[in-house]
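Just so you know, these numbers use all the heavy atoms, side chains as well, and skip hydrogens, waters and symmetry mates. From a predicted model like this one, the values you see are computed outputs, not experimental measurements.
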Amino acid sequence: MSNAQRPEDLHQLFVDGVNRKDVDALLALYEPDSVTIGLDGTRHADHASLGAMLSGLLAAVDRIEGETRKVVVHGDHALMSASFRAVGGELAGVSGEVAHRQPDGTWRFLIDDPTFGAA
């Protein structure tokens, strides 16, 4: 399970997971029925597909840096955006996400589009 106590914690946990090359930690940040848009525009709507996409990301970059740009919380949902850049790869951009508060109060990604905007 995610240990994101605030929605914006998801961004730092994602960066930490990428930098540790830990696909299981990354998968734990997502709801089981989440939807993620891959860097190539492919829609990933199950953990097997998402895991393959995240494994590809880990292979493509040495490490990643990023910071939260904005968070808007409404009830158990949060609309978020982060900027990110890869070190050891040509990846940079602005993400758009929707996070969902879990019954235990932690947060997970429900919708994730890492290429929502240009860097």
Side-chain angles (χ1 to χ4, degrees):
M1 269 307 236
S2 160
N3 60 0
Q5 300 303 308
R6 304 170 305 152
E8 57 267 33
D9 293 343
L10 288 166
H11 292 142
Q12 186 59 51
L13 291 168
F14 188 89
V15 167
D16 292 346
V18 169
N19 292 343
R20 287 191 327 268
K21 305 290 188 186
D22 188 342
V23 73
D24 291 328
L26 293 172
L27 281 170
L29 300 176
Y30 291 84
E31 293 223 0
D33 62 346
S34 65
V35 173
T36 299
I37 306 302
L39 297 173
D40 63 356
T42 303
R43 180 182 171 105
H44 302 276
D46 61 72
H47 266 205
S49 176
L50 176 59
M53 187 272 294
L54 291 169
S55 293
L57 171 66
L58 297 181
V61 300
D62 292 334
R63 59 185 208 83
I64 197 166
E65 299 171 348
E67 59 267 343
T68 300
R69 294 168 33 102
K70 191 168 190 173
V71 177
V72 179
V73 177
H74 180 71
D76 289 336
H77 293 88
L79 175 63
M80 306 187 312
S81 179
S83 59
F84 64 90
R85 65 211 145 276
V87 178
E90 297 298 318
L91 179 64
V94 175
S95 66
E97 303 96 10
V98 174
H100 180 239
R101 188 187 336 252
Q102 305 300 295
D104 67 358
T106 61
W107 292 83
R108 284 179 151 187
F109 290 119
L110 179 62
I111 301 170
D112 182 12
D113 184 350
T115 60
F116 195 73

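- A pairwise comparison of heavy atoms in Gly51 and Val23 identifies O-CG2, 3.8 Å as the closest pair.
- Residues Asp113 and Val35 are not in side-chain contact: their nearest non-hydrogen atoms beyond the backbone lie 4.5 Å or more apart.
- Closest of all the heavy-atom pairs between Val15 and Gly66 is CG2-N, 4.1 Å.
- Scanning for ring-ring contact (aromatic ring centres under 6.0 Å, His included) contacts around His47 gives an empty result, with sequence neighbours left out.
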Please step through side chain to side chain contact (heavy atoms under 4.5 Å, CB included) for the pair Glu97 and Leu10, ending with a clear verdict. CA-CA 10 Å; Glu97 303 96 10; Leu10 288 166; over 6 Å; no
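- Of the possible donor and acceptor atoms, one in the side chain of Arg101 sits under 3.5 Å from a partner among the backbone N and O of Gly75.
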List the steps, then state whether side chain to side chain contact (heavy atoms under 4.5 Å, CB included) holds for Phe109 with Met80. CA-CA 10 Å; Phe109 290 119; Met80 306 187 312; 3.7 Å; yes
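- Atom CG of Asp33 sits about 11.0 Å away from atom CG of Asp46, to the nearest 0.5 Å.
- Both Leu91 and Leu50 are members of a single hydrophobic cluster when ILVMFWY side chains are connected at heavy-atom separations under 4.5 Å.
- Contact detail for Arg6 and Trp107: the closest heavy-atom pair is C-CD1, 3.7 Å.
- The main-chain N or O of Ala28 is found under 3.5 Å from a side-chain atom of Arg108 such that the two form a donor-acceptor pair.
- The hydrophobic clustering, which links ILVMFWY residues whose side-chain heavy atoms are closer than 4.5 Å, places Ile37 and Met53 apart.
- No donor-acceptor pair under 3.5 Å is formed between the side chain of Thr36 and the backbone N or O of His44.
- Minimum interatomic distance between Val73 and Pro7 (heavy atoms only, all atoms of both residues): CG2-CG, 3.9 Å.
- Annotation: the span from Leu29 atom CG to Asp112 atom CG amounts to 9.5 Å, rounded to 0.5 Å.
- Closest approach of Ala86 to Val61, counting heavy atoms only: CB-CG1, 3.4 Å.
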Could you walk me through whether Glu67 and Arg85 pass the salt bridge (charged side-chain N to carboxylate O under 4.0 Å, His left out) test, one step at a time? CA-CA 10 Å; Glu67 59 267 343; Arg85 65 211 145 276; 3.1 Å; yes
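- Residue pairs meeting the salt bridge (charged side-chain N to carboxylate O under 4.0 Å, His left out) criterion with at least one partner in residues 13-27, sequence neighbours excluded, are Arg20-Asp22.
- Here CG of Leu79 is found 8.5 Å from NZ of Lys70. Values are rounded to the nearest 0.5 Å.
- Aromatic ring pairs are classed by plane angle as parallel below 30°, tilted from 30° to 60° and perpendicular above 60°; the pair His100 and His77 is tilted.
- Using modelled atom types, one side-chain atom of Ser81 and one backbone atom of Ser95 make a donor-acceptor pair closer than 3.5 Å.
- Among all heavy-atom pairs drawn from Val71 and Ala78, the shortest one is CG1-CB, 4.3 Å.
- Cluster membership for Tyr30 and Ile111, using ILVMFWY side-chain heavy atoms within less than 4.5 angstrom, is not shared.
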Please assess Val87 against Ile64 for the test side chain to side chain contact (heavy atoms under 4.5 Å, CB included), listing each intermediate value before the final yes or no. CA-CA 6 Å; Val87 178; Ile64 197 166; over 6 Å; no
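- Listed for the Asn3 side chain is no donor-acceptor partner under 3.5 Å among the backbone atoms of Thr106.
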